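This structure is a prediction, so every number in the text was calculated from the model and none was measured.
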Amino acid sequence: MEQQKTTLEMVNGLSEIADFMNDEELTEALTFIAKLILKPDIPLKVATVEIVRLQAIAAKMAFKATWMVNVDKGNREKKNIYFTAHEAITDLVSALKYIVR
């Protein structure tokens, strides 16, 4: 019997990032991104809720990255992924804001 893939596993590479980072909010954002890749037709009501949630996650990513630059300097790889996640999620939020207008 074949095991059913999660939404995150259906988009190449996102599951590995989630596993490596081991960050619940980042995994939530990556799962939402995977859902959009698989089915980009998002209802406006969902988009309006996700704008706020994803922007909060992006803020957390920025804080984590800055923390890792200035305080916890031991994991360069995760720091760089947090910076990338912040930027990518912020760009996604901008796109969602555009479609709800």
**Message:** Could you report the tightest heavy-atom contact between L8 and T31, atom names first, then the distance?
**Reply:**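 Taking every non-hydrogen atom into account, CD1-N, 3.6 Å.
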**Item:** Least distance between heavy atoms, I81 atom then I17 atom
**Value:**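 Where I81 meets I17 most closely, the heavy atoms are CG2-CG2, 4.3 Å.
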**Prompt:** Would the number of heavy atoms belonging to other residues, nucleotides or ligands and lying under 6.0 Å from CG of D19 be above 12?
**Reply:**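 Counting other residues, nucleotides and ligands, CG of D19 exceeds 12 neighbours.
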Listed by chain and number, what are the side chain to side chain contact (heavy atoms under 4.5 Å, CB included) partners of [X], not counting sequence neighbours?
{"X": "I99", "answer": "I42, A47, L96"}
{"X": "N75", "answer": "M68, E77, K78"}
{"X": "T90", "answer": "Q55, A58, H86"}
{"X": "L38", "answer": "T7, M10, V11"}

**Prompt:** When clusters are formed by joining ILVMFWY residues with side-chain heavy atoms under 4.5 Å apart, either directly or through shared neighbours, do V49 and I89 land in the same one?
**Reply:**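 Result: no, two separate clusters.
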**Request:** Using the rule that two of Ile, Leu, Val, Met, Phe, Trp, Tyr join whenever any of their side-chain heavy atoms come within less than 4.5 Å, decide whether V52 and L44 are in one cluster.
**Result:**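 Looking at the clustering, L44 is in a separate group from V52.
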Nearest 0.5 angstrom please: [X] [atom1] to [Y] [atom2], how far?
{"X": "K64", "Y": "Y82", "atom1": "NZ", "atom2": "OH", "answer": "4.0 Å"}
{"X": "L54", "Y": "E28", "atom1": "CG", "atom2": "CD", "answer": "9.5 Å"}
{"X": "T66", "Y": "M61", "atom1": "OG1", "atom2": "CE", "answer": "12.0 Å"}
{"X": "I51", "Y": "S94", "atom1": "CD1", "atom2": "OG", "answer": "9.0 Å"}

**Request:** Return each pair, listed once, that meets side-chain hydrogen bond (donor to acceptor under 3.5 Å, both in side chains) where at least one residue sits in residues 34-50; pairs must be two or more places apart or across chains.
**Result:**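 Found E50-R53.
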**Request:** Hydrophobic side-chain clustering at under 4.5 Å (ILVMFWY, transitive links): who's grouped with F63? Put none if nobody.
**Result:**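 So far as hydrophobic clustering goes, F63 is joined with none.
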**Asked** Which other residues belong to the hydrophobic cluster containing F83, where Ile, Leu, Val, Met, Phe, Trp and Tyr are joined when side-chain heavy atoms lie under 4.5 Å apart, directly or via other members?
**Response**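 Via sub-4.5 Å side-chain contacts, F83 links to V69.
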**Asked** What pairs of residues pass the salt bridge (charged side-chain N to carboxylate O under 4.0 Å, His left out) test when at least one of them lies in residues 79-101, not counting sequence neighbours?
**Response**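 Salt bridge (charged side-chain N to carboxylate O under 4.0 Å, His left out) check on residues 79-101 returns no pairs.
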**Request:** Could you check if a side-chain atom of L92 sits within less than 4.5 angstrom of a side-chain atom of L36, using non-hydrogen atoms only?
**Result:**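 Sidechains of L36 and L92: in contact.
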**Asked** Heavy atoms, side chains only, cut-off 4.5 Å: are I57 and L26 in contact?
**Response**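 Of all side-chain heavy-atom pairs linking L26 with I57, none is under 4.5 Å.
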**Asked** Excluding sequence neighbours, so at least two apart, what forms side-chain hydrogen bond (donor to acceptor under 3.5 Å, both in side chains) with K60?
**Response**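 For K60 the side-chain hydrogen bond (donor to acceptor under 3.5 Å, both in side chains) partners, ignoring immediate neighbours, are D23, E25.
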